[in-house]
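What follows is a set of notes on a single structure, which appears directly below.
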Amino acid sequence: MAQQGQTADRPAAQAAPPSIGRPGGFKVGGMRFAETEKAHDAKGAFRKLLRFYFREAKPLFAVLVLLLLDMIVTVSAPYIIGRGIDALDIGNDLNLVYICAAALALAYLASWALTTAQGVIMNAASQRIVKTLRAALFDKLQRLPLTYHDTHPHGELMSRMTNDIDNISVTIAQSTTQLAGAVITVCGSLAMMLALSWQMTLAALVCVPLVFLLTKVVAGKSRKMFTGQFRALGQLNGLTEEAVGGQRVIKAFHMEKKIVASFDEINKDLLHYSTKAQIWAGILMPFMNVITNLGYAGVALLGGALAARGTVTVGAIGSFVTYARQFTFPLNSIAGMYNSLQSALAGAERVFELLEEPQEPEDAPDAIDIGVPKGEVRFEDVTFSYVPGVDVLKSVSFEVQAGQKVALVGATGAGKTTIVNLLARFYDANSGVVYIDGLDIKQYKRDSLRRAFSVVLQDTCLFTGIIADNIRYGRPEATDEEVAEAAKAANADAFIRRLRHGYETMVRGGSDSLSQGQRQLLAIARAALCRAPILILDEATSSVDTRTELRIQEALLRLTAGCTSFVIAHRLSTIRDADVIMVVEGGQIVESGSHEELLALGRIYARMYESQVAG
């Protein structure tokens, strides 16, 4: 199916400025994107993220085993140090000192090897997790209904695909093993501290409640700031995308200063949230260091008193101080990582919010393949609205026989494009039924239904690649000869061959290397190549001259002989040969008939035609 974009022919009443409650919209005056609702359930986001973690259960289990081994090695090092100190302090046993030094060197070497292995395994697993998450998000974007894409800025969606996913990726790769290792090390160090001296352990634990209280306060503030930062970044990306894509319009209307002012406004918001987020994230560690240093002081004073009484040895105090550092340092790391986790969870909330959006309805369990339809089309009392309460189509009913050429005419916003959007099932009717070959289109599999159409919509869309591949987009198996034939039918072959590389010329979706008229000819060639049973042309020749348009219409009719055609056109001279012309006004079909019949009526169509002829 050759699809060229989606623009709904909506009436003015329906197309209210997006600032009036439309998610992701922007205020026309200030060019500011409105805030969309954000999830604020960090625990929920964490649980959902764990589901992706569990897909890498085996490597994560291996990392856990390595962490446990590393913990054993890590907690053994201070004990070895204490034994070495006691060997010097008590008996001056140099042999034992040498043995302790060798054992300590082996412990550090083993710790390095285990840490390296953890990093290698975890980095590989984390990248696979992120790959799965990114693929799920992109797949979701393809399954979302067009109404979602219509009401959300593309730049903001791209921000979720890039910035938020990258943020999650960095946190998974860097923080996961650190967090798990810190927890294990804290537990191991606490056990060894209790074994050495429960009195000094109590002194060391005094700082723990202060650490958790401080972390809770700071994390709550920082998460709000990180959420605001990501939201502002998404808005900035959306505005940047619009500004880059609309440069000609911006310059034509001298809006450079206005768009820069809008950018500055959002950029200030981003600065505000980013600064506050980093301040709250950075304020934690200095306070943590003060608290832990107070804990060390308490341990040192109590340890000195116990040593003076002969309760503990000097070596035991040395070991305990090292364990205390091993115990408090991971707490500091956990507190520091907590801010990183809050940042990642803020991004994960946005990602999972998108993943949980309702997607296009699934095909009915008994849905059938449409095959090659004859092309009979019937609308029965169809009503549709893009915004609840504002009907774009109102009880529309008509019938088209197979092979007929149908023209839809009327003022902009009357509902012409909406009719063909419902026919191709880009949207589903609110009420009423659309039939093809006597069956409700909802009884057909969606993919097979859309393969029955060749569609050229108002917005021309080319994809990055060579011209030949753009033409064969709907039929990848088409030969070069068939591509050239379709291009000739669309009057595109001549200009293509004048290009330096002909059909091998590279084009890019958002570039202006081709004129709008040339891009439209390529889109028509793409539709012609599909040779589907039903052809839809929605203002498909609006960017070409009248003579070329007539030749294209004639060529398309030859190529699609016997198929059902729907043509939306404002130039009435090009649709005089249509079997049926339907005049759409206010969401209803107010006139229907052939060109001659409608002229004879002397009503809306006749006035439209006479005004164009007179013009």
Side-chain angles (χ1 to χ4, degrees), residues 1-9 245-249 252 405 407-409 412 416-417 420-421 424 426 453-475 478 482-499 501-532 534-560 563 565-575 578:
M1 171 179 162
Q3 181 182 342
Q4 302 304 320
Q6 301 87 22
T7 56
D9 201 354
Q247 274 298 298
R248 292 183 184 275
V249 177
K405 177 180 177 180
L408 298 172
V409 300
T412 300
K416 304 182 299 296
T417 298
V420 295
N421 279 342
F426 293 150
F453 292 89
S454 288
V455 183
V456 182
L457 298 179
Q458 291 173 353
D459 289 340
T460 301
C461 178
L462 298 181
F463 299 92
T464 299
I466 62 174
I467 285 178
D469 287 344
N470 265 279
I471 295 176
R472 61 163 61 95
Y473 189 78
R475 276 185 61 201
E482 289 174 320
V483 169
E485 179 185 349
K488 289 175 182 176
N491 262 14
D493 181 73
F495 91 79
I496 293 174
R497 295 190 183 278
R498 286 196 299 269
L499 299 174
H501 300 291
Y503 284 87
E504 301 297 314
T505 301
M506 284 289 299
V507 294
R508 299 187 182 277
S511 70
D512 290 328
S513 56
L514 299 176
S515 70
Q516 182 62 30
Q518 290 172 328
R519 294 165 68 89
Q520 204 160 39
L521 291 175
L522 294 181
I524 295 168
R526 179 190 299 171
L529 182 61
C530 285
R531 300 177 182 176
I534 302 175
L535 173 65
I536 295 175
L537 300 174
D538 185 356
E539 289 295 336
T541 56
S542 59
S543 296
V544 298
D545 61 88
T546 305
R547 180 179 296 179
T548 303
E549 181 179 37
L550 288 171
R551 288 204 296 264
I552 291 172
Q553 295 283 3
E554 294 169 358
L556 285 175
L557 286 174
R558 288 196 302 271
L559 283 173
T560 58
C563 81
S565 303
F566 287 83
V567 180
I568 297 175
H570 286 290
R571 287 193 289 224
L572 303 184
S573 59
T574 63
I575 48 93

[X] side, atom [atom1]; [Y] side, atom [atom2] - distance, nearest 0.5 Å:
X: K405; Y: C563; atom1: NZ; atom2: SG; value: 10.5 Å
X: I536; Y: I568; atom1: CD1; atom2: CD1; value: 8.0 Å
X: F566; Y: L537; atom1: CZ; atom2: CG; value: 11.5 Å

Q. Could you go step by step and tell me if T412 and H570 meet the side-chain contact (heavy atoms from CB on, under 4.5 Å) rule?
A. CA-CA 9 Å; T412 300; H570 286 290; 4.0 Å; yes
Which pair of heavy atoms, one from [X] and one from [Y], lies closest together, and at what distance?
X: G502; Y: I467; value: O-CD1, 4.0 Å
X: L408; Y: K416; value: O-CD, 3.6 Å
X: A525; Y: A486; value: O-CB, 3.5 Å
X: A478; Y: L529; value: CB-CD2, 3.7 Å

**Q.** Flag side-chain contact, heavy atom, 4.5 Å: T505 against L514
**A.**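 They are not in contact (no side-chain heavy atoms under 4.5 Å apart), so the answer is no.
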Q. Does Y473 reach the side chain of L522, with side-chain heavy atoms less than 4.5 Å apart?
A.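 With C-beta onward as the side chain, the pair stays apart.
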Just by modelled atom types, is the [Y] backbone N or O under 3.5 Å from a matching donor or acceptor in the [X] side chain?
X: Q520; Y: E539; value: yes
X: R526; Y: N470; value: yes
X: S454; Y: A527; value: yes

(Q) Just to verify, what does A487 make a side chain to side chain contact (heavy atoms under 4.5 Å, CB included) with, not counting sequence neighbours? (A)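 Testing A487 for side chain to side chain contact (heavy atoms under 4.5 Å, CB included), a comparison that skips the adjacent residues, returns I471, A492, D493, I496, Y503.
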Q: Applying salt bridge (Lys or Arg N to Asp or Glu O under 4.0 Å), name anything that partners E482, two or more places apart in sequence or on another chain.
A: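 Applying salt bridge (Lys or Arg N to Asp or Glu O under 4.0 Å) to E482 gives R475.
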